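Everything on this sheet refers to the single structure shown next.
Atom set for the values below is all heavy atoms of this structure, side chains included, hydrogens, waters and symmetry mates excluded. Owing to the predicted nature of the structure, the values given are computational and were not obtained by experimental measurement.
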Amino acid sequence: MVGELERLGKNGQDFIVLGVDAPGFDQLMLKQKVLAYYLYRAAIAGHTLVDQQNHRHALEIRTFLETIHLNSEGGEPRAREAVLDYLKYIWINHGPYDHDSHVKTLPNDLTCEMLQQAADYAQARGAEFELRQGETLKAKLERLRPTIFDPNFEPIMTNQRKGDDIIATSSVNLYDRRLTQKHIDLLPPEWKQRLNVRFVFENGQAVPQVYKIGGLYGEDLDTITHFLKSARPHAESEEQQRGIQALIDYYNTGDEEKFREYSIDWLRSNTIIDYLNGFIESYMDPRGVVGQFEGNVSFVSDSTLIDRLAENALYFEKKMPWPDVYKLDKINKPVANVVNVIVETGDSGPVSPAAYNLPNYNDLRRDFGSKNIILLNIEEARSEKIREATINEFYLPEYRDLVRTSGDRARQWEVYMHEVIGHGSGKPAASLKVDPAVAIGRAYSSLEECRADLVALYHAGDTRLVEIGAFKPEEQADIMRAMYITYLQGQMNRYRMYEDDFVREAHQRGNQLVMGFLLEGGEKGGRDYGTKVISKDGNFYIRLVDMEKAHQGVGDLLGLLQVIKANGDAAAAAQIFDHFGTHVNPEWRRNIRERAAKLKIPNKSAIVFPRLEPVLEGNEIQDVRLRVDEDFTTQQLRMSRLRFNNRIPE
Ligand SMILES: [Zn+2]
């Protein structure tokens, strides 16, 4: 069950589902396998937390559809298929909104009548639905109907559009529906910056509910904690053990200080088995503050090259194109690992990032550095056929061989540099008293992703990369050119996914900013940054006219963004993203979408992870086997089943 498993959407264009293996697991020591197993269960126990954060009906819809699906045998085939098809989108997005664009995803074929019919059929077969007091199945469906079927009802989960009340117009379940920006503005600062909280509307004001055992999401956190306790004695180092304990304390008390302690211990433990568990990234919150749950477990693969890059972090810092006052004087060598992941849940699965750099606390990064993880088996999961078709359709003929031969390496080093020397770089102005993320607000995530991308693009031609063995001297120019071309053309190709002329996802806003800035020639326009969009036989393509000048443009933008970040300049950040990073050219978008439709290229991928199976003797785990034997439906149903499950084996 590795490689392409299925496709979703019209012409299979919405998603490709890819199964991944985690080669090397069998060679781990027993103690490491046991640790991995417990952390894997802790990750799975939190899988549906992000559904609960996504929308107040998201988990209910998931459970409702799963119950129907599990009781659908012998039912009307069209309704059966339509339910499962929509359920797959709910699994992928953890709710009714697209994971990246935050716009509502309507069912492909499912109608309200079909859903009613399928639910009645399931009920007749003995299915038990969660119903509110006195509620009938019909009334439940009527209650969920607008969320599932009405495109105009709460259309956007996370709205960050300038001028809008971002709290009132976002349907994300981090805020009661009656709350507005004004209510949040009135909160004391410590609550405004809090990571693990939801706000309810009570007596005319916003009242915080903390995520903790005995508080909000208590039962889910209790199951997670159960497995963290089992994992703790098997930790590989003292720091890792302390980190697990801090995380347990955090879930017990809801005290964010404990999560910061966990983050420090996590940073200090450079172990073979690694994991994440917590409310971490904040793209779902229109304010960019509250974290959404994610969990994962991974083990180290070959990290030689990335480790050498990390050793040279200060060298690159000194060469950054921004004023010296915003440069770090010393950098604790960042931990940088290339890993294979065993599982990712919540915000990070089934739609997975290719890499991450954490923690997000800027002061911890300054004092303790950061950890960079590249997910090798995810990065390598793809369909060769789609890659070839994409190159032939979207790149100018003169670039196709270059992209074929150097595209993968360019992408690999772009990711390495983004994570290892990008996010960790730079320091805030001494006068800035709060975290830049707090000062900048809604544009921060995009700004930070963009800044890290630019660091990679800026240093791609540095000879130090050859010295550390990244590539041969004669390869470097090609790899740098391939990096710029794939970066810019890659962003244009993403237009195939956009339903309107707006870019919403944080990383993509960063890509769009770079593209717009180079094409328009800087903030005031008129500079020549050596890049063009050309039209050929009615199709649009990126052309890199002058590498030197494009590099200059990258440096100029990078300098600008660092100054904005260092000073927490919210107005400047908002302005530059509103100008360059938000709107796409409608004509280009139409053209890209037509070409993508012809080729039937899936927009995105979803991952099916391996499964761990403990071998028990009595209560002792004697071995853990890694299996790659599930399809997408089987895996997601199993994860839902394990929500409150403490048993071993499952
Ligand atoms: Zn990043």
Side-chain angles (χ1 to χ4, degrees), residues 1-7 15-48 66 69-70 84 87-88 91-92 223-224 226-228 230-231 234 272-277 294-301 338-346 348-352 375-383 605-650:
M1 297 297 246
V2 173
E4 176 170 343
L5 301 182
E6 60 179 305
R7 294 198 193 183
F15 286 97
I16 180 168
V17 178
L18 297 164
V20 301
D21 196 359
F25 182 83
D26 294 342
Q27 281 83 58
L28 296 171
M29 293 188 298
L30 176 61
K31 194 176 146 103
Q32 293 167 332
K33 288 183 191 173
V34 173
L35 173 66
Y37 178 74
Y38 288 126
L39 293 171
Y40 155 92
R41 289 296 300 274
I44 292 175
H47 187 51
T48 56
E66 285 176 353
H69 171 71
L70 289 168
L84 181 58
L87 177 54
K88 286 175 182 171
W91 284 331
I92 286 174
T223 313
I224 295 172
H226 171 86
F227 287 109
L228 291 176
S230 305
H234 303 277
I272 298 293
I273 303 289
D274 200 9
Y275 75 107
L276 290 178
N277 199 297
E294 68 177 291
N296 79 22
V297 190
S298 65
F299 59 92
V300 172
S301 175
V338 177
V339 306
N340 283 322
V341 293
I342 298 166
V343 75
E344 291 178 278
T345 66
S348 58
V351 176
S352 167
L375 312 177
L376 182 65
N377 55 345
I378 303 296
E379 179 78 29
E380 289 181 343
R382 70 169 176 213
S383 148
S605 44
I607 303 291
V608 177
F609 298 95
R611 179 174 70 84
L612 293 186
E613 201 177 75
V615 181
L616 291 175
E617 230 181 80
N619 286 329
E620 288 286 297
I621 298 181
Q622 297 299 317
D623 195 9
V624 180
R625 306 228 165 94
L626 182 131
R627 306 266 187 227
V628 190
D629 58 0
E630 283 179 315
D631 64 17
F632 183 49
T633 299
T634 311
Q635 178 153 96
Q636 289 300 317
L637 285 171
R638 184 170 60 86
M639 287 192 178
S640 293
R641 266 198 323 270
L642 291 182
R643 186 177 168 208
F644 297 140
N645 183 326
N646 283 349
R647 289 183 305 274
I648 300 170
E650 303 170 358

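With a 4.5 Å cut-off on side-chain heavy atoms, D274 and V300 do not count as touching. When side chains are defined from C-beta on, M639 counts as touching V343, because their heavy atoms get closer than 4.5 Å. At a threshold of 4.5 Å between non-hydrogen side-chain atoms, the residues S352 and V341 do not count as touching. Counting heavy atoms from C-beta outward, L228 and L39 have side chains that approach closer than 4.5 Å.
To the nearest 0.5 Å, atom CZ of residue F299 and atom NZ of residue K33 are 10.5 Å apart. Atom-to-atom distance recorded for S383:OG and E4:CD is 5.5 Å, nearest 0.5 angstrom. Taken to the nearest 0.5 Å, the CD1 atom of I273 stands 13.5 Å off from the OH atom of Y40. In this structure, the separation between CZ on F227 and OH on Y37 is 6.0 Å, given to the nearest 0.5 Å. Put simply, CZ on F632 and CG on L87 are 8.5 Å apart, with the number rounded to the nearest 0.5 Å. Considering CG of L276 and CD of E344, their distance stands at 8.5 Å, rounded to 0.5 Å.
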Name each donor-acceptor pair under 3.5 Å that joins a side chain in residues 20-28 to protein atoms two or more places apart or in another chain, with its distance.
none

Using distance only, find each side-chain donor-acceptor pair of residues 607-621 under 3.5 Å and give its atom names and separation, not counting sequence neighbours.
unit_1	atom_1	unit_2	atom_2	d
R611	NE	D629	OD1	3.1
R611	NH1	E613	OE2	3.1
R611	NH2	E613	OE2	3.1
R611	NH2	D629	OD2	2.7
E613	OE1	R627	NE	3.3
E613	OE1	R627	NH2	3.2

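T345 contributes a side-chain N or O that, together with a main-chain N or O of A43, makes up a donor-acceptor pair within less than 3.5 Å. Judged by distance alone, the side chain of R41 and the main-chain N or O of N646 form no donor-acceptor pair under 3.5 Å. Between the side chain of N340 and the backbone N or O of N377 there is at least one donor-acceptor pair closer than 3.5 Å.
The two residues H234 and K31 make their nearest non-hydrogen contact at O-CE, 3.7 Å. Of all heavy-atom pairs between L30 and D623, the closest is CD1-CA, 3.7 Å. Annotation for P350 and I92: closest pair CG-CA, 3.7 Å, computed over non-hydrogen atoms. In terms of heavy atoms, L35 sits closest to A231 at CD1-O, 3.5 Å. In this structure, F644 and T223 approach most closely via the heavy-atom pair CA-OG1, 3.7 Å. For the residue pair S298 and V339, the shortest heavy atom distance occurs at CB-CG2, 3.6 Å.
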Criterion side-chain contact (heavy atoms from CB on, under 4.5 Å) on E379 and V338, from CA distance to verdict: CA-CA 10 Å; E379 179 78 29; V338 177; over 6 Å; no
H69/T633 under side-chain contact (heavy atoms from CB on, under 4.5 Å): CA gap, chis, key distance, verdict: CA-CA 10 Å; H69 171 71; T633 299; 4.0 Å; yes
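Every residue two or more places apart in sequence or in another chain that forms a side chain to side chain donor-acceptor pair (under 3.5 Å) with Q636 is listed here: H47, R62.
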